[in-house]
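For reference, the structure is listed below as structure tokens.
All residue numbers refer to positions in the sequence shown, counting from 1. On a predicted model such as this, the values are computed, not experimentally measured, just so you know.
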Amino acid sequence: MATRMQVTIDCADPSRLARFWATALGYRLEEPPGGFASWRDYYVSRGFPPEEFEDDSYDSIVDPDGAGPRMWFQPVPEPKVVKNRVHLDLDVGGGRTTPLEERRRRVDAETDRLVAAGATVLRVLSEDGVDYHAVVMADPEGNEFCLH
């Protein structure tokens, strides 16, 4: 049996990043556990100070189909300083069986959508004569990810 996993991302604003990544991945914000009106209520019940949480904050997202891993956005006091050692690759182009020009169109359209959601473009990986097109981006807190 495979081990279940969750992707954890250190950040300054968990609710903001949860909303961004839900948009990027087609995930949904995870509802608080049963019996709790909000994540704040849940965390306070576990002994965390109430002032650390906004009433409408979310810090995790889930795949609505249940196939992908849960993502949790963990608050940390220090900002991101160096390049990620692990990053997400989002296959939005359709894979190698999709013609390059169609992959390029899909990747560029998704790039525009995610820039509108708060991401920034770091660089484009594309060369004439090479059957590859990708865009390296950063989420609103500077965590790198790729679209290909």
Measuring from atom CZ of Arg106 to atom CG of Asp91, what distance do you get when rounded to the nearest 0.5 angstrom? 9.5 Å
I want to check something: taking the side chain as every heavy atom from C-beta on, are Phe145 and Trp21 in contact at a cut-off of under 4.5 Å? yes
Minimum heavy-atom separation for Pro50 to Val44, with atom names? CA-CG2, 3.6 Å
Short question: side chain of Lys83, backbone of Arg85 - any donor-acceptor pair under 3.5 Å? no
Take atom CD of Glu127 as the centre, draw a 6.0 Å sphere, and report whether it contains more than 12 heavy atoms from other residues, nucleotides or ligands. no
Are any of the side-chain heavy atoms of Leu147 and Leu114 separated by less than 4.5 Å? yes
Any salt bridge linking Glu144 with Arg123? Criterion: basic side-chain nitrogen under 4.0 Å from a carboxylate oxygen. no
Would you say Leu29 and Leu88 are hydrophobically clustered, going by side-chain heavy atoms of ILVMFWY under 4.5 Å? yes
Do the side chain of Glu141 and the main chain of Ala12 share a donor and acceptor less than 3.5 angstrom apart? yes
In terms of ring plane angle, is the pair Tyr132 and His148 parallel, tilted or perpendicular, where the classes change at 30° and 60°? parallel
Decide side-chain contact (heavy atoms from CB on, under 4.5 Å) for Glu110 and Leu90; before the verdict, give the C-alpha distance in whole Å, the side-chain angles of both, and the deciding distance to 0.1 Å. CA-CA 10 Å; Glu110 187 68 359; Leu90 309 184; 5.6 Å; no
To check you understand the geometry: which heavy-atom pair defines the closest contact between Pro64 and Arg28, and what is its length? CD-N, 4.2 Å
Testing Glu30, Arg70, Met71 for side-chain contact (heavy atoms from CB on, under 4.5 Å) with Ile61, which one passes? Met71
Less than 4.5 Å apart, side chain to side chain, heavy atoms only: is that true for Pro69 and Tyr27? yes
Taken to the nearest 0.5 Å, the spacing of Ile9 CD1 from Phe73 CZ works out to 4.5 Å
What's the spacing between Asp139 CG and Thr23 OG1 if we round to 0.5 Å? 12.0 Å
Within the structure provided, determine whether Leu100 and Arg103 are in side-chain contact (heavy-atom separation under 4.5 Å). yes
Nearest 0.5 Å please: distance from the CZ atom of Arg40 over to the OG atom of Ser45. 11.5 Å
What are the two closest non-hydrogen atoms of Thr111 and Val135, and how far apart are they? OG1-CG2, 3.6 Å
Look at the side-chain heavy atoms of Ile, Leu, Val, Met, Phe, Trp and Tyr, link any pair under 4.5 Å apart, and say whether Val62 and Tyr43 land in one connected group. no
Could you tell me whether the side chain of Met137 reaches within less than 4.5 Å of the side chain of Val115, counting heavy atoms only? yes
